[in-house]
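First listed ligand is number 1; within each ligand, the first listed atom is number 1.
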Amino acid sequence: MKILVINAGSSSLKYQLIDMEGEQLLAKGLCERIGLDGHLTHKPQNGKAVFEADIPFPTHKEAIEAVLEKLTSAQYGVVETMAEIGAVGHRVLHGGSEFTQSCLVDDACEAAIKKCFPLGPLHNPANLMGIKACQAVMPGTPQVAVFDTSFGMSMAPKAYMYALPYEYYEKDSLRRYGFHGTSHRFVSARAVELMGGKPGTRVINCHLGNGSSLSASIDGKCVDTSMGLTPLAGVPMGTRSGDCDPALLQFIMNKYGYSIDEMLNILNKKSGVLGLSGVSSDFRDLDSAAAQGNARARLALDKFAYEVRKYIGAYTAALGGLDVLCFTAGVGENSSSMRASIAEGLEYLGIQIDPEKNQVRGKEMDISAAGSRVRVFVIPTNEELMIARDTRDLVCGA
Ligand code: ADP
């Protein structure tokens, strides 16, 4: 079965076509500037040429039409006809507490995605537009929604509740949901597999990219995760502050006369390693600046490693011990210096990295030192494949 995986944003749409036989990527691409003018980049993986050009995309529907045209075209295509595409899997940001797992799109599912608009105001409406566009262009092809939040649904109340008046949970569903769930699910499942499926396997996964989050899981089921009601919580990120004292808001807003929207913009877009360093949100830029003696770039890198290390300690306590530590996403998969820096001083938890093996970039590797009690893995994440697997399982009734 061939599955089209869609990640629709408000003005962009990323896609991959995956052949589930051998889990082979057939083509991928990106539609940009939807609703403005429109631009398509289509990359077949079968040796055919890359297509890149401006195409008018008034709505997501025209974008999906263009994607299907390219996927089936003689010059750029990877399938003969649209009928070969057995199902579509959609990334949906927020499933609220309704969805503990992925689901076939029907009226109830669409209503639930809409109900979560207030919790994911930027993403959920766009995700639904992607679903509607596919329904219009590919009628009869089953659609599946895969929620970023469903991984977090196995958390216990003590992990997901905020210590706020209970009515905010009851009336407004305010709780920790966690994000990057599909990535955490993919990596923790792979870690358990690499451990031979041993029951009770305790995993901490560090998804470290532009956005960063950690999760603690047992047998692939989430026990805790660092992002919260929104992706602003947890460790510092490229431009997000991560956890900080909420009373800071009152101080800064009063002193500088900011509205709450301006304040949140600072916390989301101007903080994190960018805010600390004043150099960049990109970890490669920070590495070069720090190497040239920039003290604030050094501070940003040290702060990031320190906060990730503290979460590893906290989650080891939450799990009652640790079997596997995983690194994934842009920084986690590629930065040996950041991995080494995070693991420094964690020997007492049984975490030891082999400096040679730690040189690995972008591929799966056991980087534990001989004698490390905890196994340390680099596992490249693949959210699209996870979405495709869920889609196949739901459509084929696995
Ligand atoms: P996103 O959260 O946008 O999906 P990614 O997971 O792609 O982000 O991660 C992007 C981050 O990964 C950038 O900050 C980039 O600098 C960092 N990165 C990629 N390669 C390296 C590397 N070799 N060393 C350090 N950082 C890297």
Side-chain angles (χ1 to χ4, degrees), residues 5 7-16 28 30 32 91 93 122-123 126 146 148 151 178-187 190 205-215 225-227 230-242 268-292 294 296-305 307-308 326-344 353 355 357-365 367 377-387:
V5 176
N7 183 353
S10 55
S11 67
S12 72
L13 184 149
K14 283 191 222 147
Y15 64 92
Q16 286 195 3
K28 62 178 177 180
L30 171 66
E32 292 170 284
R91 176 186 184 245
L93 182 83
L122 297 179
H123 293 84
V146 178
D148 225 20
F151 179 69
F179 297 88
H180 293 143
T182 310
S183 170
H184 284 298
R185 195 151 57 91
F186 179 86
V187 174
R190 179 66 186 143
N205 180 37
C206 307
H207 177 115
L208 311 177
N210 231 326
S212 294
S213 67
L214 282 87
S215 68
T225 189
S226 60
M227 285 176 166
T230 76
L232 184 53
V235 294
M237 309 178 205
T239 63
R240 296 189 193 118
S241 62
N268 272 306
K269 305 261 173 70
K270 298 185 174 164
S271 300
V273 292
L274 169 69
L276 266 178
S277 67
V279 171
S280 174
S281 61
D282 190 298
F283 281 76
R284 282 165 295 199
D285 297 342
L286 295 174
D287 281 340
S288 4
Q292 286 161 19
N294 185 309
R296 275 174 52 191
R298 182 74 265 153
L299 169 67
L301 291 167
D302 288 349
K303 172 76 176 167
F304 181 79
E307 295 298 332
V308 172
C326 298
F327 290 100
T328 196
V331 179
E333 291 169 28
N334 293 298
S335 176
S336 39
S337 59
M338 183 49 75
R339 290 190 298 253
S341 174
I342 289 167
E344 204 179 286
I353 289 184
K357 294 179 184 159
N358 187 36
Q359 294 311 310
V360 70
R361 283 186 55 183
K363 62 175 197 216
E364 189 173 289
M365 180 90 158
I367 59 167
F377 298 140
V378 172
I379 300 180
T381 192
N382 195 337
E383 293 166 79
E384 290 79 10
L385 182 56
M386 191 80 239
I387 293 172

Does Glu384 come within less than 4.0 Å of Lys28, counting only side-chain N to carboxylate O? no

Measure the distance from atom 6 (O) of ligand 1 to every protein heavy atom, then report the residue, atom name and distance (to 0.1 Å) of the closest one. Gly330 N, 2.8 Å

Check whether any N or O atom of Phe283, backbone or side chain, sits under 3.5 Å from an N or O atom of ligand 1, and answer yes or no. yes

Counting C-beta onward and ignoring hydrogens, is there a side-chain heavy-atom pair between Ile387 and Asn7 closer than 4.5 Å? no

Flag: protein heavy atom within less than 4.0 Å of atom 23 (N) of ligand 1: yes

Heavy atom of the protein closest to atom 21 (C) of ligand 1 (residue, atom name, distance): Asn334 CB, 3.5 Å

Distance to 0.1 Å, residue and atom name: give those for the protein heavy atom nearest to atom 27 (C) of ligand 1. Arg284 CG, 3.8 Å

Look at atom 25 (C) of ligand 1 and say which protein heavy atom is nearest, naming residue and atom and giving the distance to 0.1 Å. Ser335 CB, 3.6 Å

Work out whether the distance between some heavy atom of Gly211 and some atom of ligand 1 is less than 4.0 Å. yes

Of the side chain and backbone of Asp287, name the one, both, or neither that has a heavy atom under 4.0 Å from an atom of ligand 1. side chain

Within 4.0 Å of some non-hydrogen atom of Val331, the atoms of ligand 1 are 11 (C), 12 (O), 17 (C)

Looking at ligand 1, would Arg361 count as a contact under a 4.0 Å heavy-atom criterion? yes

For Ser183 and Thr381 the tightest heavy-atom approach is OG-OG1, 2.7 Å

Is it true that His184 and Ser213 share a donor-acceptor pair across their side chains at a distance under 3.5 Å? yes

Which protein non-hydrogen atom lies closest to atom 13 (C) of ligand 1, naming both residue and atom, and how far is it? Asp282 OD2, 4.0 Å

N/O donor-acceptor pair under 3.5 Å between Asp148 side chain and His180 backbone: yes

What is the minimum heavy-atom distance between Gly211 and Met237, and which atoms define it? CA-SD, 3.9 Å

Please list the nearest protein heavy atom to atom 8 (O) of ligand 1 with its residue and the distance rounded to 0.1 Å. Asn210 N, 3.1 Å

Does any N or O in the side chain of Arg240 come within less than 3.5 Å of the main-chain N or O of Gly272, such that one atom is a donor and the other an acceptor? no

Any sub-3.5 Å donor-acceptor pair from Arg339's side-chain atoms to Asn358's backbone N or O? yes

